[in-house]
A.B. asks: 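Pasting in a structure now, in structure tokens, and then I'll have a few things to ask.
Reminder, nothing fancy here: chain letters follow the sequence lines and each chain counts from 1.
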There are 2 protein chains.
Amino acid sequence: MIEAKQGVAREAAFKKIDPAFQVTMRDHVYRAIRSAILSGAFATGERINERHLAEQFGVSTTPIKEALRQIETEGLVETLPRRGVAIRFSPQWAEEMILARAALESMIAHLAAKRIDKASGAELLATVDIMETATASGDADRLIALNETFHDHIHRSSRCGYLAKLIERQQFYDASIRRIIHLDPTERQKALSEHASIAEAIVTGDADLAERLMRNHVVRSGDTYLGIVFGKQKNI
Amino acid sequence: MIEAKQGVAREAAFKKIDPAFQVTMRDHVYRAIRSAILSGAFATGERINERHLAEQFGVSTTPIKEALRQIETEGLVETLPRRGVAIRFSPQWAEEMILARAALESMIAHLAAKRIDKASGAELLATVDIMETATASGDADRLIALNETFHDHIHRSSRCGYLAKLIERQQFYDASIRRIIHLDPTERQKALSEHASIAEAIVTGDADLAERLMRNHVVRSGDTYLGIVFGKQKNI
DNA sequence: ATCTGAAATCTGATATACCAGATGTCACAA
DNA sequence: TTGTGACATCTGGTATATCAGATTTCAGAT
């Protein structure tokens, strides 16, 4: 292939649009219902009606059904054939979602410590530095974003697509709740020091330490969320 | 409420039928497609067509779509809106499914060690005893069933419904492949001794040991499966 | 007062038609 | 030869109608 466009008439370089970007009714419905369940809008055991939901959203039952099947696979609801869909999410479920996330994140941290390269490691440490600044200034929204960057970076470094995807589903709190936590200086400081030590362990290549630290971090911060959302402590 | 039926005319006591027992088209299709994907019937990246599947199964596209949404949530396929459904399962995905299972099973073993009661512990040890007999006699099918009993028992002892459910989805091999493994005396013996030590750790209440043993067990046996299914070894 | 069971009704399950974005084809112009 | 763009076509997305199991209601029998 001949090299084109050298010098003059350079075109603007746009990035390819991710096909998954497109938002379908199903996707919208999925997010809305999932979020509602996780925020406790339904009582455990409560039945939800596909037709009613369709009416509320102003769509047909088809996207509702597909969305419910996804939520069912996540374990948040249970479908009893020809009987109905029942909410399964509960405080206990939330506890276990934290445990699942702890187990998976620690596994991925372990692998990241083994697989991360120099450049990526430097980026991770740089992220922690930025976090330190944000922690001091108390910018909650910025911290939330950085937190995501931090964990995403570790996920990528582990080169585990499936595990990363699985972890995404183990989150039962949203940005509004995270903000509450990040507004507390003590909590902010705790999270920062944990992130720092996790990053160090990963960059150093100490897989076992990274694993242990990550697990404790997820469980501890998870407990804090549990306390906020359900007003109680976990009993492990 | 008045106590009825004392003495005479006792009715036959039937167990309640689990509503989830009923098999719908969707459920059948879900299992069939999932199993086909996991057994390697489709190449990674290959596109599958909802209409074609509907024709093959002789049903409409509705149950197909719902089943695909479930499989998508499991991460085995990816749906690109208005473009198509593509297979995502690959040897790497299988490796990660093992890792996920190892992480989750070890977490659940940890909890089981902390929560199991005397009676349940005795049952677990009894199961191992039976496994010992079956291992000696080489009854592969019996061993497969016992294996399931063993892990289920641990799941129940941990009192974790969500985690147990999550683990179920991390299995990429079916009974026919398990049989192959259980026909190998060396492998059988290895599995037995691992099961025995896991059971002991759990009954003793040594959570950390149980966790470590379970993790190694899942990873090791998982590697064996990987070798059989894909003819290669994992590179952790 | 209580039990029985037919009928009304509720709910999810499935089939079908049609919509709309994505892609491929190919005649036609430059 | 090459690039353009209308158009045929492929694919999933959505709406709607209908099917069938599950549940409830309630009149009629005991």
A.B. asks: Quick one: Leu80(A) CG to dG12(C) P, roughly how many Å, whole number?
C.D. replies: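 To the nearest whole Å, that distance equals 10 Å.
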A.B. asks: If you measure from the Lys or Arg side-chain nitrogens to the Asp or Glu carboxylate oxygens, is any gap between Lys165(A) and Glu168(A) under 4.0 Å?
C.D. replies: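 No.
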A.B. asks: Is a side-chain N or O of Ser221(B) found less than 3.5 angstrom from the main chain of His217(B), in a donor-acceptor match?
C.D. replies: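 Indeed, once roles are kept as given, a pair shorter than 3.5 Å links the two residues.
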A.B. asks: Strictly below 4.0 Å: does Lys65(A) bring a side-chain N or O up to OP1 or OP2 of dG12(C)?
C.D. replies: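 Checking dG12(C) against Lys65(A), no side-chain N or O comes under 4.0 Å of OP1 or OP2.
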A.B. asks: Using modelled atom types and a 3.5 Å cut-off, is there a donor and acceptor pairing between side-chain atoms of Arg169(A) and backbone atoms of Thr73(B)?
C.D. replies: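 Yes.
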A.B. asks: Relative to each other, are the rings of Trp93(A) and Tyr162(B) parallel, tilted or perpendicular (30° and 60° limits)?
C.D. replies: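 Trp93(A) vs Tyr162(B) ring planes: perpendicular.
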A.B. asks: Please state how far atom CZ in Arg82(A) lies from atom P in dG12(C), giving the value in whole angstrom units.
C.D. replies: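 These atoms are roughly 12 Å apart.
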A.B. asks: Determine which pairs satisfy salt bridge (charged side-chain N to carboxylate O under 4.0 Å, His left out) with at least one residue from residues 30-44 of chain B, sequence neighbours left out, and list them in order.
C.D. replies: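 As it turns out, the salt bridge (charged side-chain N to carboxylate O under 4.0 Å, His left out) pairs with a partner in residues 30-44 of chain B, which skip direct neighbours, are Asp27(B)-Arg31(B), Arg34(B)-Glu74(B).
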A.B. asks: For Ile64(B) and dT16(C), what is the distance between atoms CD1 and C1' respectively, to the nearest whole Å?
C.D. replies: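 Interatomic distance, CD1 of Ile64(B) to C1' of dT16(C): 15 Å.
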A.B. asks: Just to be sure I understand the geometry, which residues of residues 48-63 of chain A put a non-hydrogen atom under 4.0 Å away from DNA chain C?
C.D. replies: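 Contacting residues: Ile48(A), Asn49(A), Glu50(A), Arg51(A).
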A.B. asks: Closer to the 5' end of DNA chain D via nearest nucleotide, is it Thr79(B) or Arg83(A)?
C.D. replies: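 This one resolves to Thr79(B).
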A.B. asks: Please find the earliest and latest nucleotides of DNA chain D, in the 5' to 3' direction, that have an atom within less than 4.0 Å of any heavy atom of chain A.
C.D. replies: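 Here the contact window of chain A covers dG13(D) to dT23(D).
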A.B. asks: Is the ring pair His195(B)/Phe150(B) parallel, tilted or perpendicular, if the boundaries are 30 and 60 degrees?
C.D. replies: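 Judged by the thresholds at 30° and 60°, the geometry between His195(B) and Phe150(B) is tilted.
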A.B. asks: Does any N or O in the side chain of Arg159(B) come within less than 3.5 Å of the main-chain N or O of Arg115(B), such that one atom is a donor and the other an acceptor?
C.D. replies: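 Looks like yes, one N/O pair under 3.5 Å.
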A.B. asks: Between Glu72(A) (CD) and dT11(C) (P), how many Å, whole number?
C.D. replies: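 Rounded to whole Å, this separation is 18 Å.
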A.B. asks: Taking atom types as modelled, find out whether Glu50(B) and Thr61(B) have a side-chain donor-acceptor pair closer than 3.5 angstrom.
C.D. replies: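 On atom types as modelled, these side chains do not qualify, holding no pair under 3.5 Å.
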